[in-house]
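Just the heavy atoms: all of them, side chains too, but no hydrogens, waters or symmetry mates, feed the values below. Per chain, numbering begins at 1; letters A, B, ... match sequence-line order.
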Amino acid sequence: MADAKPRVKVPKTAAKGEVITLKTLISHQMESGQRKDKEGKTIPRQIINKFTCEYNGQPVFSCDLDPAVSANPYLEFTAKVEESGTFKFTWVDDDGSIYTAENELKVE
Amino acid sequence: MTLTRRDALGLAAGTVAFLTFGGKLAFAAAEETAAAISAFTGGKEPATGKITLDAPEIAENGNTVPVGVTVESPMTADDHVVSVMILAEGNPNPQVATFNFTLMSGTAEAKTRIRLAKTQNVVAIAKMSDGSTYIDKKEVKVTIGGCGG
Amino acid sequence: MLSLKSAALAGVILSGLSSFALAGGPVDEELVIDGETQITTRTKAAEGVPFEEVTSGWLYRTEETRALEADSFQNPGMLYVERGEEIWNTVDGEAGKSCASCHGDGQEFLKGVGAAYPKWNAKAGKPFNIELQINQCREDNMQAKPYKFDSADQKALTTYIKNQSLGMPMHVDLAQGDMQSWWDRGKETYYTRMGQLNLSCSNCHEENNGNYIRADHLSQGNVNGFPTYRLKQADMVSLHNRFRGCIRDTRAEFPAAFSDELMALEVYVTWRGTGLGIETPSVRQ
């Protein structure tokens with residue numbers, strides 16, 4: 001795929017103090033650095049190496065990824081929410097690119 | 001099906017050779033895995049319990065194997081899970097991923113999808129806020145497809 | 001029925017994997033995507049199809065693989081559906097048009113379209129699948145270059161188009177044009193043994209579906225999930241890629257994608273799965 005494109009699934013609303021499940025997926029080859037091309041040359045590693053999730057600027061969850069994470073990396077985790085706000089998701093590529101997504105949540 | 005008996009025996013012999021060779025590699029990687037665990041735990045031997053690693057018994061393809069971890073914890077300031085490291089003993093490099101939790105995580109549960117080079121143990125180690133560590137392990141059998149697999 | 005030779009082979013395979021719990025046949029489960037869209041994965045075979053019931057390849061996969069397809073968020077194939085929707089709405093070519101310029105909103109226009117391909121194309125005098133139809137549109141209407149076989153955009157756009165028929169019954173109209181003679185030709189290919197292994201499509205998918213070839217659980221080879229997200233490639237796999245892969249695995253020379261031989265096979269194999277729900281993007285091993 002041309003560009004890494006993130007997808008996130010966050011509920012629109014939650015109760016105060018509720019633990020909600022968040023799902024994220026991003027299109028990315030996760031080139032492991034272990035493969036060779038047709039000429040027998042090693043294809044250089046290029047992966048998403050870091051993922052973070054913040055809520056209203058506070059860290060919720062993060063993940064350090066190695067080449068053993070599958071292509072189009074999927075992450076599922078939880079967050080405990082006390083007030084309405086914005087989730088910010090960030091993926092960091094080996095080449096320095098940063099991909100982000102934001103989602104609003106209303107706490108009732 | 002029209003494979004001859006000779007083809008079939010050749011296939012079986014190949015399988016044995018593969019497993020033997022694979023076994024040696026797994027042994028070397030097990031040492032690397034032990035070193036990675038030791039670095040994560042600060043040299044302590046992790047205890048069993050509290051952490052559950054969820055992985056399929058048989059993976060249809062080693063390229064995309066769903067795994068999940070759950071650690072029992074109240075997730076309070078005094079008692080929470082800091083991080084969980086996932087390792088694959090039989091991969092060229094045992095490191096797979098490390099999940100880092102906060103109090104705002106609410107639980108210490110996470111899932112991802114990983115690559116496994118062959119049948120092997122997947123290992124998950126949790127580090128708690130008091131420095132204690134817990135380990136769980138699952139063997140995942142990786143099948144070798146018949147059709148271009 | 002297993003022949004003696006294949007029984008002996010199966011024995012070797014099973015002894016090599018003695019700790020595997022291998023159960024035969026399709027599972028008795030229902031595919032409901034996101035708890036909303038029920039997909040027909042078993043249905044009474046159309047008249048002339050040599051099965052009582054036709055079954056989707058989904059029923060031959062492990063619990064984990066089946067679960068991936070049943071959750072449209074977790075299904076990585078949905079990334080390609082999203083990309084395909086972008087392509088649908090993006091202007092390309094000298095005529096300054098996108099797909100949407102002529103056809104409008106994809107979700108409205110495309111409902112049921114993908115479930116009825118291949119279709120007779122009078123201008124070309126042959127059956128067209130989605131990929132060929134896209135390329136004809138690109139050349140004639142958009143004045144854009146046709147997609148190369150299995151280019152990323154061809155796979156994404158085809159996946160998007162087929163996905164708009166999710167859950168609708170796959171059917172092919174053999175009364176159109178000369179479709180019947182292409183069906184005949186496809187049937188001949190289906191039953192022709194080829195390659196150094198001397199295998200026909202029917203040897204695996206008709207006589208041995210439900211059995212194992214090494215560790216692969218053979219399905220009936222129905223095409224209602226294509227393009228399919230294959231875990232092995234971690235990418236979309238087109239039907240003609242799969243046809244070529246299967247023929248390669250018999251150690252035969254394989255025909256070009258969209259060649260008359262493979263288009264005829266597509267017509268015939270699509271007909272065999274008549275009534276199965278479109279699953280695109282299905283998830284397979």
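Of all the listed residues (E76(A), K23(A), Q58(A)), the one sharing the greatest number of non-hydrogen pairs under 4.5 Å with chain B is E76(A). The choice from T112(B), V96(B), I114(B), I86(B) that makes the most heavy-atom pairs within less than 4.5 Å of chain A is V96(B). Ranked by non-hydrogen atom pairs under 4.5 Å with chain A, the options P92(B), A108(B), P94(B), P66(B) are led by P92(B). Ranked by heavy-atom pairs under 4.5 Å with chain B, the first of V19(A), L75(A), T24(A), L65(A) is L75(A).
Heavy-atom distances place both the backbone and the side chain of P59(A) under 4.5 Å from chain B. For N63(B), the part sitting under 4.5 Å from any heavy atom of chain A is the backbone (N, CA, C, O) and nothing else. In this structure, chain A has no heavy atom under 4.5 Å from any part of V84(B). Interface residue L25(A): only side-chain heavy atoms are found under 4.5 Å from chain B.
Note on ring orientation: taking the six-membered ring where Trp is involved, the planes of F61(A) and F77(A) are parallel (angle under 30°, cut-offs 30° and 60°).
Although no hydrogens or angles enter the test, the distance criterion places a donor-acceptor pair under 3.5 Å between the side chain of D37(A) and the main chain of G40(A). A donor-acceptor pair under 3.5 Å is absent between the side-chain atoms of N100(B) and the main chain of V82(B), judged by distance alone.
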One pair to check against side-chain hydrogen bond (donor to acceptor under 3.5 Å, both in side chains): S132(B) and D130(B). What are the steps and the verdict?
CA-CA 6 Å; S132(B) 61; D130(B) 67 359; 2.6 Å; yes
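Annotation: the span from T107(B) atom OG1 to M75(B) atom CE amounts to 6.5 Å, rounded to 0.5 Å. Taking SG of C63(A) as the start and CD1 of I48(A) as the end, the distance is 11.5 Å to the nearest 0.5 Å.
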